[in-house]
Amino acid sequence: MTLPAPYSHSVFINNDAGFLDHRMSLPTSSTSIRFILPADVAALNVNTVRFSLYGENFTVGGTASLDAQKRSVTIPLPAGFFAVTPDHRPLIGPSDDSGPIHAAGYYGVTFSGTGASAQPPQVGFPSGDSLEANLILERGTSTGERTPALSLARGDVDTVYSIKQHWVTSTLTVRSGDLVRVAGPRGFWTGTTAPFVSRQVTLGSDLNEDSLDNLPLPSVVSADGSKIAVTVRDGSSSTSEFVQPGAAPLITMTMMTGLLFGGVEDADYVAVHIPVRTVPGAPTIRTPIAGKASATVRWTAPSNGGAAILGYRVRAYADGKLVTTKLVVGRAQSAVVTGLRNGTAYTFDVAAANRVGIGPDGKRSTAVTPRV
């Protein structure tokens, strides 16, 4: 399958002139600020932003448009912006033992914009493109410059963080040992914009809140980084331990390039979600109830593997040996197994079936003994 366009793409920019190395200065002769945007922004469906300019005790704001190529955005400054009055003071910056690091103070600038995504989402994740910047600029001196250009490109600010979410719309039917192959641009699966940090491929569901709840899947990437092949693991991959009951299974591929901490300028997160159909998970068996030459076996429905459960297989054992099998059609969660011998102890297990196949057996029940 081919990697589709992302249904969500967000770019976050952060720079604090008061603490880290990129100490941007805003001349007091400025009437506007032109921010040069990182190249990632060109891919966003964002054309305008709302901005705020603030100091210690004031905030002003408005809207601004990105240029046609989405390479920059120019934010106007209101008249008298640099005047310092009791009601209009710049931010107080950090200090060291000798006093303020930048005595003239700082100004804060934020801007953000959103737009519809190229592909509508298929799961309960936020969709659409977004751009967000949070900046602290030094209050400079008058240089005569009216519209200074400040670069927000990677390497020129503390952090540029890009998040892309992809959803493969086709639902696969997979079994143990199957290979799922996804093709993207050259270098996509190895990370090309920063030193590779991590890649994780798991099977879980859209209800799983943490990747640690998912089942790791083996994967191999082609030499040019354009293709990935994922191996589907055995029946345990569809149990409720990894796919929550009632949820559709998802193969999720995540990649992180760069680092989010330590002032590293380059960080990217990519997630690719592939809905799949597998055999159902293992039912949870409850304590059977003994009857006359029979037993009532009860269970809780498992995850359905992405396809409706068609029925269940109930098996009875005596002395560890299979003695009888009962097939239950539909969604019932109990069955009466007849033809048992009074005075003999029996245990039971249950497996669910959907159109993909029969899932794993649940744990064997406790023993019960039919009596007259």
Side-chain angles (χ1 to χ4, degrees), residues 171-178 202-209 212-217 232-251 275-372:
T171 300
L172 303 174
T173 297
V174 297
R175 289 183 174 87
S176 173
D178 286 351
T202 62
L203 187 140
S205 74
D206 57 330
L207 297 181
N208 293 8
E209 297 180 354
L212 297 177
D213 297 332
N214 298 341
L215 176 72
L217 299 179
V232 179
R233 291 177 63 178
D234 60 23
S236 65
S237 64
S238 62
T239 66
S240 58
E241 179 181 358
F242 301 105
V243 180
Q244 295 190 22
L250 285 176
I251 293 175
V276 299
R277 295 189 180 101
T278 69
V279 295
T284 301
I285 199 163
R286 299 161 64 187
T287 302
I289 301 173
K292 182 178 180 181
S294 67
T296 301
V297 182
R298 303 172 299 165
W299 60 87
T300 301
S303 58
N304 63 15
I309 291 177
L310 302 177
Y312 294 89
R313 181 186 65 196
V314 182
R315 297 190 294 191
Y317 300 82
D319 295 325
K321 296 180 180 180
L322 176 66
V323 295
T324 188
T325 299
K326 182 180 180 66
L327 300 180
V328 179
V329 177
R331 299 181 181 180
Q333 295 183 38
S334 67
V336 178
V337 179
T338 59
L340 305 180
R341 285 188 177 185
N342 293 327
T344 299
Y346 292 90
T347 59
F348 304 87
D349 63 25
V350 181
N354 62 12
R355 65 183 184 182
V356 181
I358 298 176
D361 297 308
K363 291 182 179 180
R364 199 77 60 85
S365 72
T366 55
V368 294
T369 303
R371 298 187 185 279
V372 176

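Reckoned from all heavy atoms, side chains included, excluding hydrogens, waters and symmetry mates.
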Interatomic spacing from [atom1] in [X] to [atom2] in [Y] - rounded to 0.5 Å:
X: L172; Y: D178; atom1: CG; atom2: CG; result: 9.0 Å
X: Y346; Y: T324; atom1: OH; atom2: OG1; result: 9.0 Å
X: I358; Y: L327; atom1: CD1; atom2: CG; result: 7.5 Å
X: R313; Y: D361; atom1: CZ; atom2: CG; result: 5.0 Å
X: T366; Y: R286; atom1: OG1; atom2: CZ; result: 12.0 Å
X: R371; Y: T344; atom1: CZ; atom2: OG1; result: 9.5 Å

Test your reading of the model: is there a side-chain donor-acceptor pair from N304 to the backbone of N354, 3.5 Å cut-off?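 Such a contact is absent between N304 side chain and N354 backbone.
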
Give a yes or no answer on whether the side chain of S365 reaches the backbone of F348 with a donor-acceptor pair at less than 3.5 Å.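 Here the side-chain-to-backbone pair exists.
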
Checking R331 now: which residues fulfil side chain to side chain contact (heavy atoms under 4.5 Å, CB included) with it, not counting sequence neighbours?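 If we apply the side chain to side chain contact (heavy atoms under 4.5 Å, CB included) test to R331, skipping adjacent residues, the hits are A308.
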
Least distance between heavy atoms, [X] atom then [Y] atom:
X: A301; Y: Q333; answer: N-OE1, 3.5 Å
X: Y312; Y: A352; answer: CE2-CB, 3.5 Å
X: V368; Y: P288; answer: CG1-O, 3.5 Å
X: P360; Y: P283; answer: O-CD, 4.0 Å
X: N342; Y: G291; answer: OD1-O, 4.3 Å
X: A316; Y: V337; answer: CB-CG1, 4.4 Å

Could you point out which residue of V350, T300, V314 forms a side-chain contact (heavy atoms from CB on, under 4.5 Å) with I285?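 So, applying the side-chain contact (heavy atoms from CB on, under 4.5 Å) to I285 and each of V350, T300, V314, only V350 qualifies.
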
Are more than 12 heavy atoms from other residues, nucleotides or ligands located less than 6.0 Å from atom CZ of R364?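 More than 12 heavy atoms, drawn from other residues, nucleotides or ligands, come within 6.0 Å of this atom.
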
Between R298 and I289, is any pair of side-chain heavy atoms under 4.5 Å apart?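 Side chain of R298 against side chain of I289, heavy atoms only: contact under 4.5 Å found.
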
Side chains of I309 and P302: does their closest heavy-atom pair fall under 4.5 Å?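 The answer is yes, as the side chains (C-beta and beyond) meet within the 4.5 Å cut-off.
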
